[in-house]
Number of protein chains: 2
Amino acid sequence: MQSREDKKRQTRKSLMDAALTLTGNGVNFSTISLREVAKNAGVVPTSFYRHFTDMEELGLNIVDDLGLILRKLMRAARQKNDYLDTLAQQSIEVYADFVCENMNYFYFMAQVRGGGTLVLRNAIRNEIKFIANELASDLRPISTFEKASDSDLALVSLLIVEAVFDTTIDLLDQIQTSPQQQQAYVENTLKKLRLIWLGASAWHSP
Amino acid sequence: MQSREDKKRQTRKSLMDAALTLTGNGVNFSTISLREVAKNAGVVPTSFYRHFTDMEELGLNIVDDLGLILRKLMRAARQKNDYLDTLAQQSIEVYADFVCENMNYFYFMAQVRGGGTLVLRNAIRNEIKFIANELASDLRPISTFEKASDSDLALVSLLIVEAVFDTTIDLLDQIQTSPQQQQAYVENTLKKLRLIWLGASAWHSP
DNA sequence: TAACTTAGTGAACACTTGTACACCAATTGA
DNA sequence: TCAATTGGTGTACAAGTGTTCACTAAGTTA
């Protein structure tokens, strides 16, 4: 037996999952119709309005959900280690694994990052900045960044997060064609991060 | 008076321009209908098929066109200078100016990079790699990269190009809200490139 | 138990979509 | 000059779209 609220939450999740399944199947979020989402969620089209006013609102909720999960995941991955290089490696591995097990979410993100409505694009930008800020505050105590200014540290963090996040579509497409290529992506991205970190260490020494 | 081929080329361009105008107005390329493109191009829907089989094929042609223009532009921008820092600065300024004057193209690119069909995504990936390769061969003679291996240099170049290209949507959205923010983007991106370049210089010195 | 609230239903609407088909008119090539 | 080629036209169709409205049935509250 389930309460009325539980049932509502359930169909609400069904609607969001339906949208994610569709994006994961290669359908662009912007082209997904309210009706198709409703059908895949096992509900009649008009029911959609009981949960969201819009496909955009549904999209915003997906961004929020993933943003929350992602921040928790990455913070946890970082707190295991404090030696920078293994920290970076483990973070990327954790990220790549999570991407592989939640591909639908990241196809959605890749699509919307550059192709959603302005509202949705801003929502994703905020998540990226949020994650970068958390990275910055985790990097702050590390000796390499002792003398770095706040704004410099913020820039380094943003560059790192963007370098990972904005190329996630490449990881996704690689996995689809040959799943064992995940490791190649990890190594490649790790090299990029080493480069950035190396640059950051040299930043304020003439 | 114009030949038959010229007329065909002209409407072909009208169709592509119509699609670009729509993407520039915030409409996602995936949602743009063949009919709407035809209408905006001043042609009847069925005429579309005389030029493209598909909206995807039209998109591929846009990618090709911009890719060609962009490679020329960036090579030219680089050949003016060989001191790395001013080279980077001028390149980004040239790029940002070009983006501002051809916003439609770059909204299209930002949308399709992560949200187009697999075929379109791969087309853009190839252009990015192409541009990165050209950058690599221009960087090769510079003293900073004398001792760098080919694959390391390729990685640096790819990171640079991605750092610029994948955040172009941020530039576009900033311009829309406050045009004078273009300079802020240039400075921010320039800092990122300095960081990367600094990392690259330190890459093989323990 | 009775009244109220509300998630989900189903029919209807005006509109847009991609594509097939027969057709026209003008440039092209012999 | 005459026939062939071909870019553009107009009609038609089945299918899908967002949103409206009155409705039902079941959980909630008093």
Side-chain angles (χ1 to χ4, degrees), chain A residues 1-23 25-62 108 111-112 115-120, chain B residues 1-23 25-62 108 111-112 115-120:
Chain A
M1 197 58 181
Q2 49 191 343
S3 83
R4 202 152 160 163
E5 271 190 43
D6 283 345
K7 244 186 183 167
K8 182 166 187 182
R9 232 190 308 270
Q10 190 178 303
T11 50
R12 183 191 162 91
K13 184 168 164 19
S14 296
L15 287 166
M16 290 168 66
D17 284 347
L20 283 169
T21 304
L22 286 167
T23 57
N25 287 345
V27 187
N28 190 300
F29 181 74
S30 327
T31 75
I32 298 175
S33 67
L34 179 159
R35 289 179 104 105
E36 210 176 352
V37 169
K39 192 203 290 179
N40 279 42
V43 213
V44 106
T46 43
S47 260
F48 183 94
Y49 296 107
R50 302 292 184 192
H51 304 271
F52 310 100
T53 70
D54 236 19
M55 281 295 293
E56 185 182 80
E57 197 184 280
L58 183 148
L60 277 174
N61 279 278
I62 294 180
F108 172 85
Q111 283 176 19
V112 175
T117 56
L118 180 57
V119 173
L120 281 168
Chain B
M1 196 57 182
Q2 49 192 347
S3 82
R4 204 152 160 163
E5 272 188 45
D6 283 344
K7 244 184 182 168
K8 182 168 187 182
R9 234 189 307 271
Q10 191 178 302
T11 50
R12 183 190 161 92
K13 183 167 165 22
S14 296
L15 288 167
M16 291 170 64
D17 284 347
L20 284 169
T21 303
L22 287 166
T23 58
N25 286 345
V27 187
N28 190 300
F29 181 73
S30 328
T31 76
I32 298 174
S33 67
L34 178 159
R35 288 179 105 103
E36 211 176 353
V37 169
K39 194 202 289 179
N40 280 42
V43 208
V44 104
T46 42
S47 259
F48 183 94
Y49 296 107
R50 303 292 185 193
H51 304 270
F52 309 100
T53 70
D54 238 17
M55 281 296 290
E56 185 181 81
E57 198 185 279
L58 183 147
L60 278 174
N61 279 278
I62 293 180
F108 171 85
Q111 284 175 19
V112 174
T117 56
L118 180 55
V119 173
L120 281 168

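Proteins come first, then strands; the chains are lettered A, B, ... in the order of their sequence lines, and each starts at number 1. Keep in mind the model is a prediction, meaning the values are calculated, not measured.
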Chemist: Quick check on C:dA7: is either OP1 or OP2 less than 4.0 Å from any side-chain nitrogen or oxygen of A:K7?
Modeler: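 No, no such contact exists.
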Chemist: Would A:N28 and B:T31 satisfy side chain to side chain contact (heavy atoms under 4.5 Å, CB included), going step by step from the backbone distance to the final call?
Modeler: CA-CA 8 Å; A:N28 190 300; B:T31 76; 5.7 Å; no
Chemist: Which atom names give the shortest non-hydrogen contact between B:F29 and B:M55, and what distance separates them?
Modeler: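 Shortest heavy-atom separation between B:F29 and B:M55 comes out as CZ-O, 3.4 Å.
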Chemist: Which heavy atom in A:Q111 sits nearest to a heavy atom in A:V27, and how many Å separate them?
Modeler: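 Minimum heavy-atom contact is NE2-O, 3.2 Å.
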Chemist: In whole angstroms, how far is the C1' atom of D:dG16 from the CD1 atom of A:I32?
Modeler: 15 Å
Chemist: Heavy atoms within less than 4.0 Å of DNA chain C: which residues of residues 37-54 of chain B have one? Give them sorted by number.
Modeler: B:T46, B:Y49
Chemist: Rounded to the nearest Å, what distance is computed from the CZ atom of residue B:R9 to the P atom of nucleotide C:dT27?
Modeler: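 In whole Å, C:dT27 P and B:R9 CZ are 16 Å from each other.
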Chemist: Indicate whether OP1 or OP2 belonging to C:dA7 is found under 4.0 Å from a side-chain N or O atom of A:T11.
Modeler: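 So the side chain of A:T11 is outside the cut-off, no N or O lying under 4.0 Å from OP1 or OP2 of C:dA7.
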Chemist: Distance check needed: D:dA26 P versus A:D6 CG, whole Å only.
Modeler: 18 Å
Chemist: If you look only at pairs with a residue in residues 40-62 of chain A, which of them pass as a side chain to side chain donor-acceptor pair (under 3.5 Å), with sequence neighbours excluded?
Modeler: A:T11-A:H51, A:R12-A:N61, A:T53-A:E57, A:E56-A:T117
Chemist: Measure from CD on B:E5 to P on C:dT28 and round the result to the nearest Å.
Modeler: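 Computing the B:E5:CD to C:dT28:P distance gives 9 Å.
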Chemist: May I have the distance from B:L15 (atom CG) to D:dG7 (atom P), rounded to whole angstrom?
Modeler: 13 Å
Chemist: For A:I32 versus A:A19, what's the shortest heavy-atom pair and its separation?
Modeler: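 That would be CD1-O, 3.9 Å.
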Chemist: Taking only the side-chain heavy atoms of A:L34 (C-beta and beyond), determine which of D:dT19, D:dT5, C:dG8 contains the nearest atom.
Modeler: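 Nucleotide nearest to A:L34's side chain: D:dT19.
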Chemist: Could you give the NZ-to-P distance, from A:K8 to C:dA7, as a whole number of Å?
Modeler: 4 Å
Chemist: Give the minimum heavy-atom separation between B:V112 and B:L120, together with the two atoms involved.
Modeler: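 For B:V112 versus B:L120, the nearest heavy atoms are CG1-CB, 3.5 Å.
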Chemist: Figure out the CE/C1' separation between A:M55 and D:dT17, and round it to whole Å.
Modeler: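 One finds 13 Å between C1' of D:dT17 and CE of A:M55, rounded.
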Chemist: Could you list the residues that satisfy side chain to side chain donor-acceptor pair (under 3.5 Å) with A:R35, not counting sequence neighbours?
Modeler: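 Result, side chain to side chain donor-acceptor pair (under 3.5 Å) vs A:R35: none returned.
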Chemist: Is there a side-chain polar atom (N or O) of A:S33 under 4.0 Å from OP1 or OP2 of D:dT17?
Modeler: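 True: A:S33 side-chain N/O within range (under 4.0 Å) of D:dT17 OP1/OP2.
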Chemist: Please determine whether any donor N or O and acceptor N or O are separated by less than 3.5 Å between the side chain of B:R35 and the base of C:dG18.
Modeler: yes
